[in-house]
Each structure stands twice: as structure tokens, then as C-alpha cells.
Peer 1: 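Here's a structure for you.
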2 protein chains.
Amino acid sequence: MTDYTAPTRDMKFVMQELLDLDAISGLPGFEEASPELVDAVLEEASKFAGGVLAPLNQSGDQAGVRWDDGAITMPAGFVEAYQQFVEGGWNGVQCDEAFGGQGLPELVATATQEMWQAANMSFALGPLLTAGAIEALHAHGSEAQQATYLHKLVSGEWSGTMNLTEPQAGSDLAAVRTRATPEGDHYLIQGQKIFITWGEHDCAENIIHLVLARTPDAPAGVKGISLFIVPKSLPDADGNPGEANDVRCVNTEHKIGIHASPTCTMSYGDNGGAIGYLVGEEGKGLMYMFTMMNEARHKVGVQGLAIADRAYQQARWYAAERIQGTPAGGDASKTVSILHHPDVKRMMLTMRAQIEAMRALAYSASWSMDLSRRHPDSEERRRQQARVDLLIPIVKGWCTEVGQELASLGVQVHGGMGYVEETGAGQHYRDARITTIYEGTTGIQANDLIGRKTYKDGGAAMHTLLAEMEGLASELEASADSGVKAIGEPLTAGINALREAAEYVVRTHGENPAATSAGAVPYLMMAGYVCGGALLGRSALVARAALDGGASETDFYQAKLVTARFYAQHILPKAVALLPAVLAGDDAVGAMSAEWL
Amino acid sequence: MTDYTAPTRDMKFVMQELLDLDAISGLPGFEEASPELVDAVLEEASKFAGGVLAPLNQSGDQAGVRWDDGAITMPAGFVEAYQQFVEGGWNGVQCDEAFGGQGLPELVATATQEMWQAANMSFALGPLLTAGAIEALHAHGSEAQQATYLHKLVSGEWSGTMNLTEPQAGSDLAAVRTRATPEGDHYLIQGQKIFITWGEHDCAENIIHLVLARTPDAPAGVKGISLFIVPKSLPDADGNPGEANDVRCVNTEHKIGIHASPTCTMSYGDNGGAIGYLVGEEGKGLMYMFTMMNEARHKVGVQGLAIADRAYQQARWYAAERIQGTPAGGDASKTVSILHHPDVKRMMLTMRAQIEAMRALAYSASWSMDLSRRHPDSEERRRQQARVDLLIPIVKGWCTEVGQELASLGVQVHGGMGYVEETGAGQHYRDARITTIYEGTTGIQANDLIGRKTYKDGGAAMHTLLAEMEGLASELEASADSGVKAIGEPLTAGINALREAAEYVVRTHGENPAATSAGAVPYLMMAGYVCGGALLGRSALVARAALDGGASETDFYQAKLVTARFYAQHILPKAVALLPAVLAGDDAVGAMSAEWL
């Protein structure tokens with residue numbers, strides 16, 4: 001395993017040069033988010049990620065979590081690292097100051113999120129889920145519930161979970177069967193939940209489960225589902241963990257990766273019923289859960305980016321160390337590190353270009369999140385919210401699919417050593433594999449993108465995004481730098497293909513959802529490749545301007561120009577190639593009987 | 001883990017309907033390879049693969065191999081299964097009858113190979129390596145060496161290995177340091193070899209290592225490398241394993257997958273020198289090794305196909321069992337198995353279409369191998385050999401890259417259950433990951449394809465292949481079936497892109513190998529997608545003709561038509577999208593300094 005060094009220079013580039021950080025620090029409540037403060041936060045976070053979390057990544061993978069009679073022991077060092085995480089205030093970077101958070105913009109929190117996920121994905125999953133619980137309670141909990149739970153969750157002294165999945169209810173939550181029977185001021189919860197991330201562990205003194213369950217006489221389907229707070233230990237009168245609740249972790253899964261993240265089967269109410277407190281109103285559980293799920297999806301998208309960057313750093317280290325072969329077309333008596341071989345450079349650029357594109361896209365969504373929440377103008381808030389809603393399935397779906405590919409490419413750069421677990425490349429490959437599955441598979445994201453995000457508003461948000469990108473393509477085509485100008489044409493081709501696909505979706509989805517559904521993932525991937533291409537195009541324009549303005553970091557900006565050009569040549573054409581699959585609808589998919597498969 | 005059922009119907013389709021089995025059974029020595037015999041062989045092989053090998057796949061993965069003081073214990077059941085494999089004569093399907101083989105065509109052996117690899121890749125790696133040793137000794141061993149070793153290797157009583165890699169010599173074998181010092185009728189071998197598949201195990205009574213080493217005063221580089229037979233136990237006067245040689249397995253690797261295949265570090269000559277016998281002439285070791293490597297590469301390509309088919313069968317089983325959600329655009333009160341959801345069908349078709357394309361391509365190469373060896377006309381032998389040489393890096397590179405993607409898609413079909421090891425989907429994902437690395441990485445295959453296989457003959461073999469595919473495209477465009485006709489256009493687009501890429505390679509490689517090298521993998525992948533598309537196009541023509549001729553298996557042939565159409569819509573466009581990367585040469589790759597990465 002190699003070290004992790006947070007890419008703070010590139011993070012700052014995205015926040016301050018590519019996006020408009022000033023627009024964020026100009027928002028009410030974010031006045032202190034100056035470039036200097038952001039730099040300081042990134043600097044400290046970087047130390048924590050590289051110094052504390054990253055060194056536990058491989059040992060955590062090897063040791064795994066230990067289940068014993070309902071209790072889970074985390075791998076060595078995790079409890080101490082979690083303690084330091086809490087003490088450093090890292091759990092509440094973007095949380096409301098009223099509950100002890102740091103109140104920083106989502107944009108800044110996204111950068112810290114990237115660092116935690118890259119340094120140690122298993123560890124970072126705990127706080128990721130806690131953040132979801134915080135958001136749900138912040139938005140939908142009663143004042144009393146907020147007073148009881150939010151301070152502890154924001155600090156991280158208590159952790160949170162999301163309990164949705166049951167053996168028969170995965171992508172289709174309408175099938176949830178866990179029951180909630182009213183009893184006085186609370187409910188008694190009975191049922192089994194599976195795949196509960198950090199459902200049990202020994203890092204925090206209490207665990208607050210947010211559980212979807214069905215009340216008696218509730219209607220069938222999703223409208224009968226309510227959301228409950230089910231603490232592992234019931235808070236006593238002083239707000240401290242008191243009596244044990246009727247909740248038990250009965251199993252942890254043996255998984256392909258994220259071995260240090262406990263994936264639990266939770267049993268509620270084996271002894272009569274776990275005490276649960278209703279959040280908000282009955283029947284609105286799924287709606288509330290989506291509040292947190294949207295942000296969790298964004299964070300999982302960031303995981304895709306993060307694990308790819310970790311794999312990139314690992315591969316770069318190996319490629320620079322490994323001496324093998326002679327330079328292509330060069331002096332055959334000299335051996336060089338494989339980082340000089342064209343095919344290895346191609347692989348490294350394939351990783352780097354898409355990592356930069358993913359970072360730009362994920363951060364751009366965060367930037368819009370901040371504006372959607374705090375901008376004084378309600379119309380601008382609405383506009384930014386529509387952009388966020390559109391981008392979230394793309395960030396989640398595309399960044400995780402690409403992240404997985406890149407983690408695999410990281411193994412490939414190592415050759416045979418990549419297949420040997422000790423190098424660490426394999427862990428990233430195994431860890432990354434979950435990201436396209438949890439918080440909604442890529443197929444679920446894609447169906448969200450075609451249905452709720454494209455068809456429902458008649459393609460309005462997508463056309464706004466397309467127009468934004470078209471403006472950029474024109475700027476590129478007008479550049480005096482032939483390398484920058486050359487990005488314009490493939491970008492325009494991608495934009496045109498995406499527009500055609502979006503128009504097909506708007507035209508078709510209402511009467512033939514099976515047709516749009518068959519091409520949904522290609523449509524989502526296409527959107528990702530084009531958005532990424534547009535943002536790298538913008539980064540080329542920014543870099544060109546910086547160089548023309550006499551910037552001192554010439555290597556940094558030159559590399560940006562080359563990376564954007566590489567993306568335009570090697571990656572962007574994939575977008576156009578996906579169009580036939582979208583436009584084919586379910587021609588072949590529908591004609592193929594399930595029985596023939 | 002689910003069962004494995006060999007796809008014998010599709011194998012027969014490829015051998016007898018898509019390719020021309022008669023052309024093979026018409027070759028001298030292959031007269032008995034009638035459709036009936038081939039069917040019988042496939043039937044028996046299928047029973048062995050499904051009944052004996054497949055049930056040991058998951059238990060072997062979980063148990064792994066155990067190293068103890070130089071000895072390796074294979075997982076439970078492996079020794080017995082190996083014994084049955086030997087007794088069934090499966091080790092020598094394609095081997096010379098003079099040495100106890102069955103003397104069947106490579107085409108038939110490829111089908112059995114696919115079965116072993118799909119059923120249990122770890123197990124099948126043993127015989128795969130033995131086959132390499134057999135080929136090398138058959139082609140280059142002395143009569144005495146052949147008499148001593150070939151019967152035992154062909155039967156499988158003894159197994160064989162290929163010892164190339166050393167810590168400092170991986171892709172670049174010129175760096176081999178293992179020494180061979182002449183002593184009487186033999187040499188003393190000293191050195192360490194790593195990543196030796198089945199280097200030690202307890203399945204066979206002897207292991208015959210084929211070892212690359214350097215003689216004293218040998219020139220530097222590849223021309224100083226010779227090939228030696230280094231038996232684990234020296235054969236005694238009766239040809240039985242006698243005295244132990246100075247060879248020791250000092251370690252096995254802890255790998256991402258193929259846990260039941262021992263990957264050994266072999267130490268030769270710790271006690272003075274291992275006895276080794278020179279094969280052929282000094283200095284020709286690498287050339288001899290390539291004899292076996294070419295076929296080993298083909299077999300690894302078949303692994304890519306095989307593991308993808310195993311993953312497909314696993315995914316199909318799960319998707320048919322898993323009830324979740326309601327039909328897209330259908331009755332919302334009905335739940336269905338996920339195999340009916342358009343996105344799941346898209347994933348299954350993505351797997352199926354490429355599996356069929358890979359099978360057709362790999363078998364087509366085998367078909368040419370048989371003709372290249374046995375055709376009475378020397379010009380036809382030469383023509384077929386050129387086709388084989390061209391196809392091997394494509395089969396190896398493309399089938400393994402695609403196989404890996406499909407094994408990942410197999411996990412995706414399972415959703416959360418795919419990430420849990422018990423389902424078995426994860427094993428295929430982990431096992432598949434090695435295939436793009438060993439026997440030459442995809443980058444190495446691609447460099448072979450651009451240099452020796454495209455540039456060296458001025459693109460002649462590639463243009464012959466392109467012409468073959470163009471003929472097919474014209475037939476498709478002339479079809480009266482609009483679905484079949486529709487495949488013609490995207491195929492033609494792919495062919496044209498591949499021709500443009502090949503012409504670029506021929507034009508550029510001599511003076512700027514760094515440029516062609518930067519686009520080598522895209523060129524290889526493009527060739528794979530186009531060849532696969534052409535063969536599926538041909539399968540559509542065959543299916544159409546069968547249906548028009550009143551064939552009774554209408555579902556089978558209808559599915560072929562749909563699968564080919566799906567490939568044309570969803571997969572073939574990838575070929576065209578790779579062209580810009582090839583034509584870009586090293587524009588961006590060369591401009592990116594290794595230090596900037």
C-alpha cells in the first residue's frame with residue numbers, strides 16, 4: 001500500500017478557478033468561506049486523511065470486522081481514528097452551527113468527503129451514513145428530536161444509519177414489511193433489515209438507526225411507509241445513552257471489499273419490539289428518506305472519484321518505481337520506468353482525465369447545492385435546485401461506473417504485481433465494486449434520470465445544462481490556441497448526441513417507458529461523458545488564460561491543457577457511440593424474450 | 001454458487017453452422033472428427049465440467065492453496081478431480097496420438113478448454129500450462145526428450161510449467177538473469193522465478209518446469225536466453241520420477257482471485273544447481289517459448305470468454321429467481337422477476353452478445369490453426385497461419401478485457417447480493433481480473449498487433465481480414481430481413497474505421513512507434529469489436545437461412561437474430577468511437593511529461 005496525498009492543488013483549482021467560490025462565499029452565512037479559510041481547512045483535512053486514515057486502509061481490509069454474539073469489533077486503530085475524527089470536528093464540516101457544526105459550504109465539505117473516501121473508504125462510510133441521518137432529522141425531525149439527537153450526531157459521538165433494505169425489498173421499497181405498532185408516545189418496531197452499513201460497531205457510544213417501517217392499517221406500497229428513529233441505547237433524561245433497545249446485529253456480510261465497513265443484518269424487536277419514534281408524519285417515510293438519499297447519492301458519486309484517485313496515486317507510485325523495458329522508438333540500451341511507456345501513460349491519462357472530469361462534475365453539483373439553499377433570489381434557488389436534481393443521478397451513476405473502471409486500470413498498470421494483494425491496487429478494485437450498487441444501482445439512477453429528471457419537466461433542466469455546455473463549446477472553438485480549439489468539435493458532437501438522446505426520452509418515455517428504460521444507462525453514461533468533457537474544456541480555457549496571464553505554475557496549467565485534449569480524443573467519443581443504444585429503445589431488448597436468455 | 005451447464009448448443013452452432021467443420025474433418029488426420037464424434041466429445045466434456053469441476057469452484061476459492069515448507073496442498077477435491085481428468089483422457093484432447101493424445105482438432109479442444117475454464121478456472125490453469133510444455137517439447141525437444149516426457153505430460157500424469165518471469169524481468173524478458181552452467185550432459189540452473197502457475201502442487205506425481213535461463217558468455221538481451229527442462233524429480237532409467245532436483249517452491253502469492261491456483265515463487269539451485277536439460281539450441285529459448293506462448297495466449301483469451309459465460313449463467317439464475325418491482329409500463333400490481341426489467345435485460349444481452357461474439361472469434365482462430373497445420377496446400381497453410389498470427393493478440397486482448405467487464409456486469413445484475421461473496425458472482429469478478437495481465441498484458445498484445453502483426457507485413461493480413469468482413473457486410477446489406485439488413489450499416493462503419501486505423505498504423509509505426517504505441521490498445525479493442533460484430537452478423541445470416549429453411553429450433557435462431565441486432569446497436573458503435581484515440585497518436589500522451597502525472 002502506498003501513501004495518500006490529498007490533491008489539494010487540484011481541489012482548489014476546481015473550487016476557485018473552475019467554479020466560482022466567490023459566489024458561494026457571497027451567500028448569507030458563508031461569508032467566512034474565503035479562499036484562505038478553505039485552504040486552511042483543506043490543509044488540515046489533508047493531514048488527517050493522509051496521516052491518520054490512509055495508514056489504516058490496508059490493515060483494515062486485511063483484518064476485517066469481527067462479529068461476536070451481536071457485537072462488532074472494528075479493525076485495530078479504527079476506534080482511535082474515529083475518536084480523533086470527532087475531536088477534530090470533521091464529522092460536522094457542513095452541519096448547522098446551531099447543532100455544533102462548522103457551517104461550511106457543501107462545496108468545501110465535498111472536498112473533505114473526497115479525502116476521507118480516498119484515504120479509507122470503509123472508515124468514511126460511517127460518517128457518510130451519519131450525515132444522512134443528520135440531514136433527515138434536520139429537515140424532518142421535531143424540535144425535541146433535534147435537541148436530543150442532532151448535537152451528538154453532528155459531533156459524531158453518536159453515529160447514524162439508514163435502514164431501508166429487507167430481503168424481499170431492495171430496489172423496490174414498496175415491499176418493505178417491517179412493522180411499527182403505536183404504543184403511547186412511541187412505536188414498537190419489528191422486522192429484519194439487511195445491508196445496514198455501520199449498523200453495529202464499537203466506535204461511537206450510541207447508534208441512531210433511521211428505520212423504514214409500516215404502521216398498522218397503512219396503505220400498501222410506498223405510501224404506507226413511515227420513518228422511525230430507533231436508537232441502539234435509549235437516551236436517558238440527561239440525553240446520555242441509557243437502556244438498551246430491542247435491536248440486535250445478527251450477522252455481518254462477507255463481501256468482495258470494504259472489509260472494514262460492517263455490513264449488518266439488523267433484527268428489530270426479537271423481544272417484543274424495539275422502541276421507535278416517528279419522524280414527521282406517518283406515510284411520508286420514503287419521502288423523508290429521499291432527502292437524505294439524494295445527498296448520500298452525491299457522496300457515493302464522490303466515492304467513485306475518490307477511489308479512482310487513490311488507485312491513480314497507487315499506480316503512479318508503482319509506475320514511477322518499476323524499471324522495465326526500453327523507451328518506444330528510443331535508445332534500446334537504456335531501461336526506463338514504465339511511467340515512460342506510451343501505453344502506461346495512456347492508462348495514467350485515462351485515469352487522470354476522468355478523475356479531473358469527475359471532480360469537476362461532483363464539485364459543480366455541490367456548488368449548485370449551496371446556491372440552491374442560500375441564494376437570496378428564490379428563482380435562482382429554484383434554478384440551481386433543478387440543476388442539482390438533474391446532476392445527482394449523473395454524479396452517482398457515472399462517477400461510480402467510471403471510478404470502478406479506473407480502479408481496474410490501476411491494477412492493470414501494475415501488471416502481475418497488481419493481482420497480488422500486498423500492493424494494495426487490488427483493494428481499490430474490490431472496494432470500488434460496491435459503489436455502482438448501493439444507494440441505488442446505476443440502473444436505478446438512470447431510471448431516475450430519464451423519468452423524474454428529464455421527462456417530467458419536458459427536458460427543461462437538461463436543455464438548460466445543454467445550453468450552458470454549448471456556450472462553452474463556442475468559447476473553445478473561438479480559442480486562438482489550436483489545442484484548446486480542437487476540443488470544441490468533439491464536445492459539440494457530444495452535446496448534439498446528448499440533445500438528441502434527451503429529445504428521444506422526452507418524446508418517448510410517456511407512452512413507452514420500456515423503450516427509454518432499455519437505453520437509460522447508456523443515456524446516463526452519455527450525459528456523464530459530455531458533462532465531464534465540458535468541464536475539462538472549461539478547465540482548458542482557464543488554464544490557457546492563466547498561462548497567457550503569466551501564471552507561475554506553468555507545469556500545472558500545461559498539464560491541464562494536455563489532459564483536456566486527451567479527454568477529447570480518448571473519452572468524449574464514447575458519448576456519441578452511446579446514442580444508437582438510446583435511440584434503439586427496446587427494439588432488441590424487447591424482442592428478446594426473458595425465456596431465451 | 002450456481003451450477004455450470006456447458007453451452008453445447010451454441011458451441012455446435014459455432015463449429016458446425018457458423019464455421020465450416022467439414023473443412024476441418026476433411027484435413028488429413030482429422031477424418032474422424034465428424035459432427036457425431038464432436039457431439040459425443042462435447043457431451044462427455046460437459047458432464048465432467050458440470051459434474052466434477054464446477055462444484056469445486058467456490059470451495060476451492062474459499063479454501064485456497066496451502067503452502068507448507070515448500071509443499072503445496074491443493075483444496076479438497078482437487079487431487080481426485082485431477083485424477084479423473086487424467087483418466088478421462090481430457091489432458092490430451094488435441095495432442096498427438098503418437099504420444100497418447102486423442103489427436104482431435106484444435107477447434108474441438110477449444111470447446112473443451114472453454115468448459116474447463118468456465119467450470120473452474122483455478123483447476124483448468126494446470127492443464128493449460130501443461131499444454132504449453134507439451135507444445136514446446138513437441139516442436140523443439142529432441143527425440144529422447146520427447147520419449148521421456150511427452151507421454152506423461154500428454155496423459156497428465158506429470159504436469160508442466162512455464163518459467164519466464166523474474167522480479168526484474170516481467171514484460172521485458174531480455175532482463176532474465178537465471179543462470180545455466182553446462183556440466184556434462186546437462187546444465188546447472190540457478191535463479192529465482194516468480195508468478196509460476198501451478199509451480200508446485202500435489203495433483204501430479206512429477207512437475208516438468210520449462211525454464212528460461214542464460215548460459216555463460218551468452219550475449220546480452222533476448223538472444224542470450226535458452227530454454228531448459230528442469231524436472232521436479234529427475235526421471236530414473238525406467239522413466240519414473242526419481243531423485244529430487246534442486247528446485248523449491250519458496251512462496252505462493254495471496255491474490256485477488258484464482259485462489260485455488262498456486263502462483264509460486266520457484267527457487268532453482270539453492271543447493272548447488274538444479275539439473276536442467278537444454279531444449280534445442282542455446283540462445284533460442286525465447287523463440288521456443290513463443291511457440292507455446294502463442295497458444296497459451298489463445299487459451300487465455302478463451303478464459304475471458306469462459307469466465308464471462310460462467311458469470312452470465314450465474315446472473316441469469318439470480319435474475320430469474322429474484323422477484324422485485326413491477327413491469328416497466330405494465331401492470332403495477334404485479335411483481336416480476338428482475339429478468340423482465342428492461343435494464344436487466346440490457347445487461348444480460350450485453351453479456352450474451354459479447355459472449356457469442358467472443359466464442360465465434362476464439363473458435364474461428366482455432367479453425368484457422370487447424371487449417372494452418374494440416375491443409376495440404378502450403379499457400380493455404382501460410383494464409384491461415386497469417387490469420388492466426390493476426391487474430392491471437394485480438395483474441396487474447398479483447399476477449400479478456402471484455403470478459404472482465406462482463407464478469408463485473410454479472411455482479412451488477414445481482415445488486416447488493418452480488419457484492420456478497422456467497423453468491424459466487426464476486427469470485428468470477430475476482431478471477432477474471434488476472435486474464436488481461438498474464439501471458440502478456442493487453443498492452444503487450446496491442447504492441448504485438450501493431451508491430452509484428454500489422455506493420456510488419458504492410459497491413460496485408462489485416463486487409464485480408466477486412467475484405468473477409470466486407471463481404472459479410474455486403475451480404476447483410478442485401479438481406480431481405482430488415483433486422484438483418486440493419487446490421488450491415490454499423491458493421492460497415494466499424495470496418496471502415498478499422499481500415500483507417502490500420503492504414504495509420506502501417507503509415508506511422510516505422511518512423512514513430514511512440515505514436516502507434518499510444519493508440520495500440522484502442523486499435524486492438526476496435527479490431528475485437530469489429531471482428532465480433534462481423535461474426536455475429538454472419539450468425540444472423542445463418543439464423544435467417546435456418547429459419548427460412550424451416551428449422552425447428554425457432555427460439556434458438558430468433559434469439560440469434562435479436563442478439564446480433566443488439567450487438568450492432570449497443571456494442572459495435574464502440575469501435576468507431578476508438579478511432580480518434582488511434583489517430584491522435586501520441587499527441588496528448590507524448591505532450592504529457594511523466595513528471596506531470
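Below, read A as the first sequence line, B as the second, and so on, with proteins coming before strands; counting in each chain starts at 1.
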Peer 1: Looking only at heavy atoms, which two atoms of B:K345 and A:G590 are closest? And how far apart?
Peer 2: NZ-O, 4.0 Å

Peer 1: At a heavy-atom distance under 4.5 Å, which candidate from B:G257, B:A575, B:A319, B:A584 has the highest pair count against chain A?
Peer 2: B:G257

Peer 1: What residue in A:L572, A:V582, A:I571, A:I256 has the most heavy-atom pairs under 4.5 Å with chain B?
Peer 2: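 Among A:L572, A:V582, A:I571, A:I256, the one with the most close pairs to chain B is A:I256.
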
Peer 1: Please find the pair of heavy atoms, one from B:V589 and one from A:L349, that lie closest to each other, and give the distance.
Peer 2: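 For B:V589 and A:L349, the tightest heavy-atom pair comes out as CA-CD1, 3.8 Å.
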
Peer 1: Top residue by heavy-atom pair count (under 4.5 Å) with chain B, among A:G416, A:A174, A:G443, A:G426?
Peer 2: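 Looking at each of A:G416, A:A174, A:G443, A:G426 in turn, A:G416 comes out on top.
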
Peer 1: Give me the atom names and distance for the closest heavy-atom approach of B:E253 to A:V420.
Peer 2: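 Where B:E253 meets A:V420 most closely, the heavy atoms are OE1-CG1, 3.5 Å.
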
Peer 1: Give the minimum heavy-atom separation between B:A591 and A:R565, together with the two atoms involved.
Peer 2: CB-NH2, 3.8 Å

Peer 1: Identify which part of B:M351 has an atom lying under 4.5 Å from any heavy atom of chain A, answering side chain, backbone, both or neither.
Peer 2: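 No part of it gets close to chain A.
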
Peer 1: Using a cut-off of under 4.5 Å on heavy-atom pairs, state which of A:G221, A:P342, A:P327, A:G325 scores highest against chain B.
Peer 2: A:P342

Peer 1: Do the side chain of B:R433 and the main chain of A:Y419 share a donor and acceptor less than 3.5 angstrom apart?
Peer 2: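 Flag not set: sc B:R433 to bb A:Y419 has no pair under 3.5 Å.
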
Peer 1: Would B:M348 and A:M592 count as a side chain to side chain contact (heavy atoms under 4.5 Å, CB included) here? Give the steps.
Peer 2: CA-CA 10 Å; B:M348 295 303 294; A:M592 186 57 127; over 6 Å; no

Peer 1: Given that the side chain runs from C-beta out, which part of B:R316 has a heavy atom under 4.5 Å from chain A: side chain, backbone, both or neither?
Peer 2: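 Just its side chain gets close to chain A.
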
Peer 1: Enter the distance from B:H340:NE2 to A:L597:CG here, rounded to the nearest 0.5 Å.
Peer 2: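 Rounded to the nearest 0.5 Å, the NE2-CG separation comes out at 9.5 Å.
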
Peer 1: Once you round to the nearest 0.5 Å, how far does CG of A:L578 lie from NZ of B:K574?
Peer 2: 8.0 Å

Peer 1: Measure the CD1-CD distance between B:I323 and A:Q168 for me, rounded to the nearest 0.5 Å.
Peer 2: 12.5 Å

Peer 1: Relative to chain B, which segment of A:Y312 carries a heavy atom at a distance below 4.5 Å: side chain, backbone, both, or neither?
Peer 2: side chain

Peer 1: Where is the tightest heavy-atom contact between B:R322 and A:P167, given as atom of each residue plus distance?
Peer 2: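 For B:R322 and A:P167, the tightest heavy-atom pair comes out as NH1-O, 2.7 Å.
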
Peer 1: Which answer fits B:E511, side chain, backbone, both or neither, if we ask what part of it has an atom under 4.5 Å from a heavy atom of chain A?
Peer 2: neither

Peer 1: What part of B:A175 lies closer than 4.5 angstrom to a heavy atom of chain A: side chain, backbone, both or neither?
Peer 2: neither

Peer 1: With a cut-off of 6.0 Å (strictly less than), are more than 12 heavy atoms of other residues, nucleotides or ligands near CD of B:E553?
Peer 2: yes

Peer 1: How long is the span from the NE2 atom in A:H414 to the OG1 atom in B:T441, to the nearest 0.5 Å?
Peer 2: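 One finds 14.0 Å between NE2 of A:H414 and OG1 of B:T441.
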
Peer 1: Quick one: which of A:G170, A:P513, A:A425 has the most heavy-atom pairs under 4.5 Å with chain B, could you say?
Peer 2: A:G170

Peer 1: Which atoms of A:V411 come close to chain B, meaning under 4.5 Å heavy atom to heavy atom: side chain ones, backbone ones, both, or neither?
Peer 2: both

Peer 1: Which atoms of B:D587 are under 4.5 Å from chain A, going by heavy atoms: the side chain, the backbone, both sets, or neither?
Peer 2: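 The answer is both parts of B:D587.
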
Peer 1: Given that the side chain runs from C-beta out, which part of B:A520 has a heavy atom under 4.5 Å from chain A: side chain, backbone, both or neither?
Peer 2: neither

Peer 1: Measure A:I258 against the heavy atoms of chain B and call it side chain, backbone, both or neither at under 4.5 Å.
Peer 2: both

Peer 1: Select one option (side chain, backbone, both, neither) describing which atoms of B:S408 are under 4.5 Å from chain A's heavy atoms.
Peer 2: both

Peer 1: Using a cut-off of under 4.5 Å on heavy-atom pairs, state which of B:I437, B:I338, B:I434 scores highest against chain A.
Peer 2: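 That would be B:I434.
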
Peer 1: Tell me, side chain or backbone of B:R430 under 4.5 Å from chain A's heavy atoms, or both, or neither?
Peer 2: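 Both parts, heavy atoms under 4.5 Å.
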
Peer 1: If only atom types and distance count, is the side chain of A:R346 paired as donor or acceptor with the main-chain N or O of B:G519 below 3.5 Å?
Peer 2: no

Peer 1: At a 4.5 Å cut-off on heavy atoms, which part of B:D586 comes close to chain A: side chain, backbone, both, or neither?
Peer 2: neither

Peer 1: Output the option from A:Q324, A:Q558, A:M417 having the highest count of non-hydrogen pairs under 4.5 Å with chain B.
Peer 2: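 That would be A:Q324.
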
Peer 1: Give, as side chain, backbone, both or neither, the part of B:T442 having an atom under 4.5 angstrom from any heavy atom of chain A.
Peer 2: both

Peer 1: Taking all atoms of both residues into account, what is the closest heavy-atom pair of A:W596 and B:D555, and its distance?
Peer 2: NE1-CG, 3.2 Å

Peer 1: Do B:T436 and A:Q412 get their side chains close enough for a donor-acceptor pair, meaning under 3.5 Å?
Peer 2: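 A:Q412 and B:T436 do have a side-chain donor-acceptor pair below 3.5 Å.
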
Peer 1: Determine the option with the most heavy-atom pairs under 4.5 angstrom with chain A, choosing from B:A169, B:G418, B:A446, B:S593.
Peer 2: B:A169

Peer 1: Let me confirm one number: the CG-OG1 distance from A:D172 to B:T326, rounded to the nearest 0.5 Å.
Peer 2: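 Nearest 0.5 Å value for the CG-OG1 distance: 7.0 Å.
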
Peer 1: Is it the side chain or the backbone of B:E405 that comes within 4.5 Å of chain A heavy atoms, both, or neither?
Peer 2: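 Contact with chain A involves no heavy atom of B:E405 at all.
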
Peer 1: Check each atom of B:L579 against the heavy atoms of chain A and say whether the ones under 4.5 Å are side chain, backbone, both or neither.
Peer 2: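 Neither part.
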
